[in-house]
Amino acid sequence: MAILDGIDVLVSEVGPRDGLQSIAPVMPTAAKKVWIDALVAAGVREIEVGSFVPAHILPQLADTGEIVAHARQHEGLHVAVLVPNAKGAEAAIAAGAHKITLPFSASETHSLKNLRRTHAQVYEQVEIIAERLRLLPAESRPQFEGAISTAFGCTLEGAIPDDAILRIAGHLMALGCDEVGLSDTTGYANPAQVKRLVRAVHAEIGAAKMTGLHLHNTRGLGLANVVAGLEAGIRTFDSSQGGLGGCPFAPGASGNIVTEDLVFMLEAMGLRTGIDLDCLLVARETLARALPDEPLYGFLPDAGAPLGFVPAG
Ligand code: ZN
């Protein structure tokens, strides 16, 4: 079954990676498995389950190999991981991930601070990974995405010119990425900018090569940006259950856009996600039980669905 069969929009759950890496407590491996199982039971088709970074940097994700192995037992689930470099990609291949995402920070200052690498050095890693992947038989070759982070602005450099994003997107594709994604790492994006930049990237590399957006809700524009993305032809959105992780700079704001609210909005708009809202709320309970001291965000879980609400699918 192709991942988009029978649905209109792919909601890619990134809570087990983006959410968990942003909080201090380490979720026990067993609890992660229960949460992932509950997400799959709700109909989630793609989950970014972790990141292959050294355990001393992100102890929260030190069990990513075991989590990938567990997630792979779910028939049809697309198991995604983040990797910072070729070494991480090697671990992802060994674990059997279906999708490898390498973050490329559009802001070189941010890149130096976060990955300790210049743009040229990250491009070199992309090239090594692409060459390595080409050696694998097609049926076991993970999909390789270059995710352009700080694409809508950077806390260190401020605005990033659209031209810079287009150059990076073109270069990532030329070096062998299968596709490019845009990430609003800082929650700076606004709907007009999302539409403009998505259209520009589509014109540069082709619409089929840029299908996903990774949005944060730092300034409350997350779902507005989703609608702008939909209007520009985007069909995959990253979100995290309960907006896990929050935003350290904006108390009260979720981290990633909230999966529950995203699914509700899409289904209410007549767009099928394949996800059952009631089951998604059951998955949220497993998350809340595993991390009792972490605030979980979202409006739908508190307010409930409107009377007479009929999901799209
Ligand atoms: Zn993020």
**Salt-bridge present (Glu204, Arg167; N to O < 4.0 Å)** = no

**Asked** Which residue, Ile165, Ile160, Leu213, Thr186, forms the side-chain contact (heavy atoms from CB on, under 4.5 Å) with Phe152?
**Response** Leu213

**Message:** Between the side chains of Glu231 and Lys195, is the shortest nitrogen-to-carboxylate-oxygen separation below 4.0 Å, so that they form an ion pair?
**Reply:** yes

**Asked** Do Ser183 and Ile148 have side chains that get closer than 4.5 Å, going by heavy atoms?
**Response** no

**Asp162/Arg196 salt bridge by N-O under 4.0 Å criterion** = yes

**Message:** Before you tell me yes or no, could you show the steps for Leu244 and Leu20 under side chain to side chain contact (heavy atoms under 4.5 Å, CB included), namely the whole-Å CA-CA distance, both residues' side-chain angles and the distance that decides it to 0.1 Å?
**Reply:** CA-CA 7 Å; Leu244 185 65; Leu20 291 181; 3.6 Å; yes

**Prompt:** Minimum heavy-atom separation for Met27 to Leu287, with atom names?
**Reply:** CE-CD1, 3.5 Å

**Item:** Approximate separation, where rounding is to 0.5 Å, of His98 NE2 and Ile3 CD1
**Value:** 9.5 Å

**Request:** Taking atom types as modelled, find out whether Ser111 and Glu108 have a side-chain donor-acceptor pair closer than 3.5 angstrom.
**Result:** no

**Request:** Kindly indicate whether the side chain of Ile100, heavy atoms from C-beta on, has any atom under 4.5 Å from the side chain of Ile93.
**Result:** yes

**Prompt:** If we ignore angles and hydrogens, is there a donor and acceptor under 3.5 Å between the side chains of Asp63 and Thr29?
**Reply:** yes

**Message:** If you take the centroid of each ring, where Trp contributes its six-membered ring, are Phe264 and Phe309 closer together than 6.0 Å?
**Reply:** yes

**Request:** Indicate yes or no: at least one non-hydrogen side-chain atom of Pro84 is less than 4.5 angstrom from one of Leu102.
**Result:** no

**Message:** Could you check whether Asn256 and His216, counting side-chain N and O atoms only, form a donor-acceptor pair closer than 3.5 Å?
**Reply:** yes

**Request:** Of all the heavy-atom pairs spanning Phe144 and Gly176, show the shortest one and how long it is.
**Result:** CD2-O, 3.9 Å

**Message:** Which residue in the set Arg72, Lys32, Lys33 passes salt bridge (charged side-chain N to carboxylate O under 4.0 Å, His left out) when paired with Glu66?
**Reply:** Lys33

**Message:** Ignoring hydrogens and geometry beyond distance, is a side-chain donor-acceptor pair present between Glu13 and Gln241 at under 3.5 Å?
**Reply:** no

**Request:** For Ala288 and Leu296, work out which heavy atoms get closest and say how close.
**Result:** CB-CD1, 3.9 Å

**Message:** With no hydrogens and no angle check, just 3.5 Å: does a side-chain donor-acceptor pair link Glu267 and Thr273?
**Reply:** yes

**side chain to side chain contact (heavy atoms under 4.5 Å, CB included) assessment of Cys177 paired with Val126** = CA-CA 8 Å; Cys177 285; Val126 171; 3.8 Å; yes

**pair His110-Glu157: side-chain heavy atoms closer than 4.5 Å** = no

**Fill in**
d(Leu262 CG, Ser239 OG) to nearest 0.5 Å is 5.0 Å

**Prompt:** Where do Val9 and Thr236 land on the side chain to side chain contact (heavy atoms under 4.5 Å, CB included) test, with the steps shown first?
**Reply:** CA-CA 6 Å; Val9 176; Thr236 298; over 6 Å; no

**Message:** Between His214 and Phe237, is there a side-chain heavy-atom distance shorter than 4.5 Å?
**Reply:** no

**Item:** Heavy-atom closest pair, residues Arg284 and Gly242
**Value:** NH1-CA, 3.5 Å

**Request:** Begin from the C-alpha positions of Arg235 and Leu230 and carry the test side chain to side chain contact (heavy atoms under 4.5 Å, CB included) through to its verdict.
**Result:** CA-CA 7 Å; Arg235 285 296 173 265; Leu230 286 169; 3.4 Å; yes

**Asked** For Ser105 and Thr150, does a side-chain donor sit closer than 3.5 Å to a side-chain acceptor?
**Response** yes

**Fill in**
Here the pair of heavy atoms bringing Pro142 nearest to Asp178 is O-OD2, 4.0 Å

**Asked** Does Gln193 reach the side chain of Asn225, with side-chain heavy atoms less than 4.5 Å apart?
**Response** no

**Test item: Thr101 and Val83 side chains (from C-beta on) under 4.5 Å apart, heavy atoms** = no

**Message:** Any non-hydrogen side-chain atom of Glu48 less than 4.5 Å from a side-chain atom of Val81?
**Reply:** no

